[in-house]
Amino acid sequence: MTELAPTYDAKKYEAAIYQRWLASGFFNPDNLPLPPEAPNYTIVLPPPNITDKLHLGHAAMLAIEDALIRYHRAKGYRTLWLPGTDHAAIATQNVVEKMLYQQEGKTRYDYGRTEFLRRVWEVVLPIQTTILDQIKKMGASLDWSRLAFTMDEPRQKAVRHMFVEMYKEGVIYRGERVVNWCPRCQSTLADDEVDYREQMATLYTFKYSPDFPIPISTTRPETKLGDTAVAVHPQDERYQEYIGKTYSLDFCGQPLTIKIIADRSVDRNFGTGAVGVTPAHSLTDWQLAEKYNLPMVKVIDTDGLLGDNLGQFSGLSTLAARDLIVAELKKRGLLIKEETITNNLSVCYRCGTTIEPLPSKQWFVSVDKPITRLGGRSLKTAAYEVAKTGQIKFIPERFTKRYLEWMDNLHDWCISRQIWFGHQIPVWYQGDEILVSETAPTSPGWIQDPDTLDTWFSSGMWTFSTLGWPDNWQAGHKLGDLARFHPTEVLETGYDILTLWVSRMIMMSLFAVGEIPFYEVYLHGLVLDEHGQKMSKSKGNGLDPVAMIELYGADAVRLSLLIGVTPGNDCRLGTTKIESCRNLVNKLWNIGRYILSIIPDKAIFVHNNLDLSQTTLADRWILRQFNDLISAVSNYLEHYEFSLAAEALRDFTWHDLADWYIEISKIEDSKEKCNILAYILKHLLILWQPFMPFVTQVLWDELGVEDNLLIASWPQVLKINPEAEQEELDFKLVQDLIGEIRNIRSLNHLQPSQKMKMTIIAGQWADALSKEIKLIQNLRTGLETVTIIANGQVPEGSLAGAVGPFSFYLEGEAMSAVNHAQLEHKIQELTAAINNLSRRLNDPEFLSKAPEHIIAKEQTKLTNWQAELEALRQQLNS
RNA sequence: GGACACAUAGCUCAGUUGGUUAGAGCGUACGGUUCACAUCCGUAAGGUCACAGGUUCAAAUCCUGUUGUGUCCACCA
């Protein structure tokens, strides 16, 4: 009847299925057949950088988001998942510069701005195409009609508009400040783009000159050429007499003017307790200088070299100048002490070059300026409040604290970068005149600011720039897509960019549209290799998601990134895990194949009428299990517990359904069973779809149902048998009984041909159990006859056993002795457990304080255990 | 220096608000199996839940401290 192969071949189906999904149009919320009042559900895809093809971290992101999207689509939401990519300004420029230098030995200055940018696009556009293709291979149900790019025309417009708006509000300003400067990238870096490397350094203690009273300590003597003050603690008795005095002195041949100031920030116990203040080359010193109105002397230039007018030091590198100064100090007898300490060296997070703090004219976003449209609050306070008050929730919750702490310490954000690839700042100069405008001035003579914007400036606008802002924002009102889909439901991203990206999105959304960009932030961890190492190209331990998809199928790759993973925690992934997920996919495949092969009439999939008048214990059991599954999976998905959802699905599918119910159906063959199997298969496919969309779609196509699986409704809990919520006999007991018989057969190495006769003493359950004789006899138990009696004695010397409240004994040929050691072990364990439990049940405090249902439960448990122990003892004696 | 997380079976990890004899996958051992699936089925072994206290009738779970591992933030002149 069906042509399905014994093993699922993902490659054979995936590409064609994706094309059909695209053709259906259901990735686009506008095409979903929904009533107008249907609620919206939006996720914007965190745009991957176009520097490189996707890695497994991206694959994890896609698996999680697509699971959310497909679940909500099935739930009847007007679901939008909006795709895009990020130009990743500095990262991209570095990658391309490096590549060009390796291939052609030229720097960007050799090409010039226009030609260099042309080269960047030449490199990057094919990568972008690859990325989009990879996303499709994962099966992501993104609305491609709304595809965006952080540097496409609409986003360029949005960025310029934002800049101008912020400038008009006075939030963006230009100012001179000490910034983190990378001499290699020739650009500023934001505070959080600076990495720290621990290193051993020499701390030099010396005096500037013989006539200067206070020795100071530093690891960077060369910057001392720019000192304009020495700071001490106000209460430091050693230096009281000098505070406020100014000295003119000669420092290694260079003139310095040093004022002695007092500030509480100085640590009395470090070094000599006195700090040489270098306003131009240290951020903290610069802040001191602002506070005490100190002059600033610049001694290091943008290439990291010592500047002019510094005599013998001019033009030297910082390291060479340091050596020379130390030599000079030694010569003059001013060097007091050299000691080795560990300290942190600031380096560029992109290229690892040592950062030079330099004063420079840059553009900033003020985080402290009160903003009228935010009710007088600053970006910082507004963005702080929305998290503090719970308007935005972080999952896991602990990240709220990290966010709040970061916000609390936030300084003005330097947004100008001295690189070429990116959004050029929309500011033009003509002499002293300055023009901030969305469009270039038409009159001649204006020169545009050569700098570009920090990449997070454009990605910070991602939730609303992708929904048509600023066109969809008129007179303080949202229109079109912006009105329909903003705020988005959830931002799903890696915890590593919580501060870099998430915080900026919140600030920019509050500024632009006066509302939060999303209600929830779900943060996933990193994907590590099998040994817990970060995957990286240089280590060669990275797994390529597309290669994995080709080997095991997209469904398996997706599952492996969801199972065993908890929010905010890193996870390890190796091929064995993907393989086991592939096996699960194949299991579902075969379940589908089998059920399809035994269904006499596929009409059941369409009309869906279940006749439940003639159900057996097993039927009701599996339907209840399935009901529980529906509730559990829904509940887990609502709470972002993907792993638990997938595990619940796996346990039901593999164990309850395949290992038990399908096997039962082979014995208790009936029309009801076919119908129940059909019902479960159909709805199970819907439940699995968020996790493994491809294989479920292939099987769905075999059902002969007209509706598309993409929009098939999430299953409802089925009413099974209202008058009997509680079964007389728990089916679990039947399963345990069968398991025990199998165990005995296995221990005795019995061949299937060796039949046994079994008698079960079932007490009050004798009648109910009698109905299940056929199952007990035939479910791979190898029993010739099964007799069930209510009361009786286990005959002396027979092979006996017990399960829960049942005792049983077996007779048969070729029965060898049972495993005594194992039995004794079991008896010992059970005895200990019984002793513990009876002690508790005799404890008056437990009886008076524990809730009644717990006590009752414990009591039944004790009775059952005691019966089981008795049976085990008889078995041992036989 | 500040903060956060983690420590549970050989390995990778679950364990929801305290309440069955602490679970799963992989691995291991034993047994089975051609009629949906060897990408299969059954059974078993294996854990002082890092350590020490405390709260409670009851702690892997809550509190305090200790040790170890990892991450983030700040940054030392």
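Note on naming: letters A, B, ... go to the chains in the order of the sequence lines (proteins, then strands), and numbering restarts at 1 for each one.
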Nearest to the side chain of A:Arg572, which nucleotide is it out of B:U12, B:U16, B:A77? B:U12

Do A:Tyr636 and A:Phe642 have their ring centres less than 6.0 Å from each other? no

Paired to B:G42 by Watson-Crick or G-U wobble criteria (both distances under 3.5 Å) is B:C30

At under 4.0 Å between heavy atoms, what does A:Thr566 touch on the DNA or RNA strands: base, sugar-phosphate, or nothing? sugar-phosphate

Within the 4.0 Å heavy-atom criterion, would you say A:Pro396 contacts the bases, only the backbone, or no part of the nucleic acid? nothing

Need one value for A:Ile591: base, sugar-phosphate or nothing, where a base atom within 4.0 Å counts as base even if backbone is also close, heavy atoms only. base

Using the P atom as the point on both nucleotides, what is the distance between B:U12 and B:C73, in whole Å? 27 Å

Determine whether a donor-acceptor pair (one donor, one acceptor, N or O, separation below 3.5 Å) exists between the side chain of A:Trp865 and the base of B:U21. yes

To the nearest 0.5 Å, what is the distance between NZ on A:Lys577 and CG on A:Leu561? 7.5 Å

Classify the nucleic acid contact of A:Gly574 as base, sugar-phosphate or nothing, counting any heavy atom under 4.0 Å across all strands shown. nothing

Any base atoms under 4.0 Å from A:Ala658, or only sugar-phosphate, or nothing? Heavy atoms, all strands. base

Out of B:A44, B:A77, B:C57, which has the shortest distance to the side chain of A:Val266? B:A77

Taking pairing as Watson-Crick or G-U wobble with both contacts under 3.5 Å, can you name the mate of B:A3, or confirm there isn't one? B:U71

Among B:C57, B:A77, B:U16, which nucleotide has an atom closest to any side-chain atom of A:Asp843? B:C57

Where is the tightest heavy-atom contact between A:Arg398 and A:Pro567, given as atom of each residue plus distance? NH2-O, 4.0 Å

Is the closest side-chain heavy-atom distance between A:Thr223 and A:Pro221 below 4.5 Å? no

Under 3.5 Å side-chain donor-acceptor pair for A:Asn569 and A:Thr566: yes

Can a donor-acceptor pair under 3.5 Å be found between the side-chain atoms of A:Glu858 and the base atoms of B:A58? no

In whole angstroms, how far is the P atom of B:U20 from the CD atom of A:Glu829? 17 Å

Looking only at atom C1', what distance separates B:C49 and B:C41, rounded to whole Å? 32 Å

Here the distance between atom P of B:C26 and atom NZ of A:Lys577, to the nearest Å, is 12 Å

What is the nucleic acid contact for A:Val565, judged by heavy atoms within less than 4.0 Å: base, sugar-phosphate only, or nothing? nothing

For the P atoms, the ones on B:A22 and on B:C57, what distance do you get once it is rounded to whole angstrom? 23 Å

Polar side chain donor-acceptor pair, A:Tyr495 to A:Asp570, under 3.5 angstrom: yes

Rounded to whole angstrom, note down the C1' distance from B:C30 over to B:A7. 33 Å

Closest listed nucleotide, where the reference is the side chain of A:Asn586 and the choices are B:C37, B:A77, B:G19: B:C37

I'd like the P distance from B:A14 over to B:C6, given in whole Å. 9 Å

P spacing across the pair B:A24 / B:G42, given as an integer number of angstrom: 13 Å

Pairwise C1' distance, B:G47 and B:G2 [rounded to whole Å]: 36 Å

Tell me the interatomic distance from A:Leu644, atom CG, to B:C13, atom P, rounded to whole angstroms. 16 Å

Kindly indicate whether a cation-pi arrangement holds for A:Arg840 with A:Trp865, taking the cut-offs as under 6.0 Å to the six-membered ring centre and within 45° of the axis. no

Roughly how many Å is it from CG in A:Asn569 to C1' in B:C72, rounded to a whole number? 14 Å

Heavy atoms only, 4.0 Å cut-off, all strands: where does A:Thr219 land among base, sugar-phosphate and nothing? sugar-phosphate

For A:Asp659, which contact category applies under a 4.0 Å heavy-atom criterion: base, sugar-phosphate, or nothing? sugar-phosphate

Can you check the A:His655 NE2 to B:U43 P distance for me, whole Å? 10 Å

Could you work out the separation of B:A29 and B:G65 based on their C1' atoms and round it to a whole Å? 43 Å

Could a donor-acceptor pair under 3.5 angstrom be found where the side chain of A:Lys666 meets the base of B:A36? yes

Watson-Crick or G-U wobble partner of B:C57, both distances under 3.5 Å: B:G19

Which is more 5' along RNA chain B, the nucleotide nearest A:Asp570 or the one nearest A:Ala274? Just name the residue. A:Asp570

Hey, does A:Thr284 reach any base, or is it just sugar-phosphate, or nothing, if we go heavy atoms under 4.0 Å? sugar-phosphate

Remember a base hit wins even if backbone is also touched, and classify A:Glu405 as base, sugar-phosphate or nothing at under 4.0 Å, heavy atoms. sugar-phosphate

For the pair A:Gln625 and A:Tyr661, evaluate side-chain contact (heavy atoms from CB on, under 4.5 Å) and give the outcome as yes or no after the intermediate values. CA-CA 11 Å; A:Gln625 295 294 108; A:Tyr661 193 69; over 6 Å; no

Applying a 3.5 Å limit to both distances, which nucleotide forms a Watson-Crick or G-U wobble pair with B:A24? B:U12

With heavy atoms under 4.0 Å as the rule, sort A:Thr576 into base, sugar-phosphate or nothing. nothing

Rounded to the Å, how far apart are A:Leu573 CG and B:U12 C1'? 11 Å

Can you tell which of B:U21, B:A36, B:C57 lies closest to the side chain of A:Ala850? B:C57

Distance-only donor-acceptor test (3.5 Å): side chain A:Lys587, base B:C37: yes

Specify the residue among A:Asn583 and A:Lys861 whose closest nucleotide of RNA chain B lies further upstream toward the 5′ end. A:Lys861

With heavy atoms under 4.0 Å as the rule, sort A:Gly564 into base, sugar-phosphate or nothing. sugar-phosphate

Applying a 4.0 Å non-hydrogen cut-off, can you work out what A:Ile216 is touching in the nucleic acid: base, sugar-phosphate, or nothing? nothing

For the side chain of A:Arg780, starting at C-beta, report the closest nucleotide among B:U21, B:A77, B:C41. B:C41

Categorize A:Arg582 for me: base, sugar-phosphate, or nothing, with a 4.0 angstrom heavy-atom threshold over every strand shown. base

Quick check with a 6.0 Å cut-off and a 45 degree axis cone: is A:Lys666 positioned over the face of A:Tyr594's six-membered ring? yes

Rounded off to whole Å, could you give me the NE2-to-C1' distance for the A:His853 and B:G19 pair? 7 Å

For atom CZ of A:Arg742 and atom C1' of B:A44, their distance in whole Å: 15 Å

